[in-house]
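Every chain is numbered from 1, with letters handed out A, B, ... down the list of sequences. Owing to the predicted nature of the structure, the values given are computational and were not obtained by experimental measurement. Hydrogens, waters and symmetry mates are skipped; everything else that's a heavy atom, side chains included, is used.
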Amino acid sequence: MTQSPVTTISEIGKHDGQSVTLRGWLYNLRESGKLLFPIFRDGSGVIQGVLAKNAVAAEVFDAVKSLTQESSVIVEGKVRADKRAPGGFELDVAAIEIVQRVSESDPYPISPKEHGVEFLMEHRHLWLRSSRQSSILRVRAEIIKAVRDFFDDRGFVLTDSPILTPAACEGTSTLFPVDYFDEQAYLTQSGQLYIEASAMALGKVYSFGPTFRAEKSKTRRHLTEFWMVEPEVAYATLDDIMDLAEGLISSVVKKCLERRRADLDVIGRDVSKLEKIEAPFPRITYDAAVQMLQEGHAQGALESKFEWGGDLGSPDETYLAQKFDRPVMVHRYPAKVKAFYMEPDPKNPAAALCVDVLAPEGYGEIIGGSQRMSSYELLVQRIREHGLPEEAFKWYLDLRKYGSVPHSGFGMGIERAVAWICGLEHVRETIPFPRMLNRLYP
RNA sequence: UCCUCAGUAGCUCAAUGGCAGAGCAUCCGGCUGUUAACCGGAGGGUUGUAGGUUCGAGUCCUACCUGAGGAGCCA
């Protein structure tokens, strides 16, 4: 092959009328008599090639004609703007080098036709190559970058929490145990307790990493391994972190609309719904939410009547979220349904200074946060009430002995945020290799 | 853990208790603008597993396995 400049499909518009080299894979091949229409992908996008039998060398035509799906190829050809092409450009193929040809006796299993969930999940390592899955992963990467930029630009310091932990932060029933030499350790279910310590050192901090929950949940919103970003701010109140949460979400959505609109189109997302996501978000108390739920039940929109004092269930969250066109913040839940470390509301000690942010369109809770308890005595009392091993929390209690201050933070689940922003049916598509109740492979 | 549904060709699905079928994929042939191309042909089956009912079971019954959707729990 001659040496034309190597480029990518996403950049190919800059080379209109020129010869270029693309390195990628055959996505599909159509033919019509003496014409071939190979579709190539290279990780940045998809482009259709064209070969006419009387216009190219016979060996090039035959080589393309015999290609199998997902064979890896280096192609050279002239870029041509064409209204018939979905991406606006086509490639008049002049030469091709087959890097590895997929055998027809063992063809690529994922055809352009429909497949079932189980089959696709068994072939997740190959499913990632589809346009839709590639676009989702690009949006995921954009969301993570937008999250980190948001905090970095505001003076937060990234202080990651350990993955291996000696004890639970919210009870032991949902932990994955691992052998740690002669001790029992667990995979973390939240980095929160540790970033409280680093917030006391550095003021404004966040952690970003994987978390693990051995919940036997089998729903479209659950993974056993998922990624969380958790900011923690010294001297911040509940109101402060509600401001922070709505700023984060609106900033992330805006970045995706600016930089990943083409991918959102591939995924089929209705971006008009995302364009409405601007601060301020509605804020309602738990008490107001209960009233809305009871009205919903009276109107027949909800099956069961919600009683004050319980935690919100999935159908309840979906109902509340449907009342708004942007995320809704529900704050001040009853303390007894929330974690032990939450500060009581001074105006009503039965309520906790906490907030759940419910995404629109039924995507459920994407953020959970609170003001943390700052009193040593009260925290000891709560740890005992919850039957937690006091010895394991000695270091955490130290934070309340040496310059304790009010502080607040929250956790945002990356996969739920990706599912919502992309408009996906299930969080399993939001991460390259999802870990679920019945899925550890591939 | 509980509730509901499903499992038939590589994939997606049909088949009243009575001969196991189609589309896609693969292979062969045709077509100079195809858009999940189309047209013709070929090969491809231990109907999830183990029992049971029946003259006869993909179909009915029991148990188990696997998967999906939901509840609870949660981000």
Side-chain angles (χ1 to χ4, degrees), chain A residues 27-39 46-56 61 66 68-70 80 82-87 90 92 102-123 127 130-132 170-171 173-174 189-192 210-230 245 303-304 310-318 337-339 356-359 363-369 410-420 425-428 430-431 436-439:
Chain A
Y27 195 59
N28 196 5
L29 175 64
R30 287 187 282 264
E31 50 179 304
S32 178
K34 308 281 188 295
L35 285 177
L36 296 177
F37 300 99
I39 298 172
V46 168
I47 191 170
Q48 174 166 283
V50 183
L51 293 89
K53 186 157 191 170
N54 62 8
V56 299
F61 189 88
S66 72
T68 43
Q69 192 189 356
E70 284 301 319
R80 177 171 43 75
D82 193 309
K83 285 177 187 165
R84 291 168 291 191
E90 288 186 338
D92 286 322
V102 175
S103 167
E104 52 274 283
S105 66
D106 188 11
Y108 186 71
I110 303 179
S111 70
K113 293 283 185 178
E114 287 179 19
H115 297 283
V117 170
E118 184 181 7
F119 176 81
L120 289 171
M121 290 306 299
E122 282 292 317
H123 296 85
W127 187 23
S130 75
S131 294
R132 175 183 165 86
E170 303 181 23
S173 62
T174 63
Q189 57 184 184
S190 163
Q192 187 206 309
T211 52
F212 308 85
R213 300 205 183 163
E215 293 159 1
K216 298 207 169 172
S217 301
K218 231 173 93 60
T219 81
R220 67 185 64 187
R221 300 178 307 281
H222 286 86
L223 300 172
T224 54
E225 177 181 309
F226 65 100
W227 290 65
M228 256 206 304
V229 58
E230 297 176 278
E303 275 188 33
S304 56
D311 205 352
L312 301 183
S314 260
D316 306 318
E317 291 181 351
T318 300
V337 301
K338 288 294 179 181
D356 282 358
V357 182
L358 310 179
Y363 283 93
E365 184 184 345
I366 53 171
I367 281 180
F410 62 80
M412 180 170 86
I414 294 295
E415 286 73 19
R416 286 192 184 172
V418 176
W420 164 51
E425 279 296 305
H426 199 297
V427 290
R428 64 183 160 227
T430 65
I431 184 168
M436 294 177 291
L437 181 56
N438 292 319
R439 173 74 49 196

Inset, instruction - Can you tell me the distance, in whole Å, between the CG atom of A/L120 and the C1' atom of B/rU12? - result: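 After rounding, the gap between these two atoms is 11 Å.
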Legend entry - Rounded interatomic separation in angstrom, taking CD1 from A/I367 and C1' from B/rC74: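 Interatomic distance, CD1 of A/I367 to C1' of B/rC74: 15 Å.
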Legend entry - Under the side chain to side chain contact (heavy atoms under 4.5 Å, CB included) test, residues paired with A/R132 that sit two or more places apart: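 With neighbours one apart ignored, the set is A/S130, A/I136, A/I267, A/L424, A/E429.
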Legend entry - Listed partners of A/R428 passing side chain to side chain contact (heavy atoms under 4.5 Å, CB included), at least two apart: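 So A/R428 forms a side chain to side chain contact (heavy atoms under 4.5 Å, CB included) with A/V117, A/M121, A/H426, A/P434, A/M436.
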Legend entry - Base partner of B/rG23, which must satisfy Watson-Crick or wobble distances under 3.5 Å: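 With both distances under 3.5 Å, B/rG23 matches B/rC11.
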Inset, instruction - Tell which nucleotide pairs with B/rG17, taking only Watson-Crick or G-U wobble pairs whose two distances are both under 3.5 angstrom. - result: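 Check on B/rG17: unpaired, no WC or wobble geometry under 3.5 Å.
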Inset, instruction - Give the C-alpha distance, both sets of side-chain angles, the deciding distance and a yes or no for salt bridge (Lys or Arg N to Asp or Glu O under 4.0 Å) between A/R439 and A/E122. - result: CA-CA 9 Å; A/R439 173 74 49 196; A/E122 282 292 317; 2.8 Å; yes
Inset, instruction - Give the B/S/- string for nucleotides 64-71 of chain B, one per nucleotide from 5' to 3', where a protein heavy atom under 4.0 Å of the base yields B, of only the sugar-phosphate yields S, and otherwise -. - result: --SSBBBB
Among [options], which is the nearest nucleotide to the side chain of [X]?
{"X": "A/H222", "options": "B/rC31, B/rU26, B/rC73", "answer": "B/rC73"}
{"X": "A/R30", "options": "B/rU32, B/rA75, B/rA36", "answer": "B/rA36"}
{"X": "A/E31", "options": "B/rG33, B/rU32, B/rC31", "answer": "B/rC31"}
{"X": "A/P107", "options": "B/rA75, B/rU32, B/rA25", "answer": "B/rA25"}

Inset, instruction - Examine the base of B/rC11 for any acceptor or donor lying under 3.5 Å from a partner atom in the side chain of A/H115, and report the outcome as yes or no. - result: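 It does not, because no donor-acceptor pair links the side chain of A/H115 to the base of B/rC11 below 3.5 Å.
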Legend entry - Under 3.5 Å donor-acceptor pair, A/Q48 side-chain atoms to B/rU34 base atoms: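 Indeed there is one.
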Could you give the distance separating [M] and [N] at their [atom1] atoms, to the nearest angstrom?
{"N": "B/rA14", "M": "B/rG51", "atom1": "C1'", "value": "28 Å"}
{"N": "B/rU54", "M": "B/rU59", "atom1": "C1'", "value": "13 Å"}
{"N": "B/rA50", "M": "B/rA68", "atom1": "P", "value": "24 Å"}

Inset, instruction - Identify whether any heavy atom of A/E114 sits under 4.0 Å from a base atom; if not, whether one sits that close to sugar-phosphate; answer base, sugar-phosphate or nothing. - result: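 The answer is base, as A/E114 lies within the cut-off (heavy atoms under 4.0 Å) of a base atom.
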Legend entry - Of A/S111 and A/D356, the one whose closest RNA chain B nucleotide lies more 5':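 So the residue in question is A/S111.
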Inset, instruction - Return the 5'-most residue of the pair A/E317, A/G33 with respect to RNA chain B, ranking by each residue's nearest nucleotide. - result: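 With A/E317 and A/G33 compared, the 5'-side residue is A/G33.
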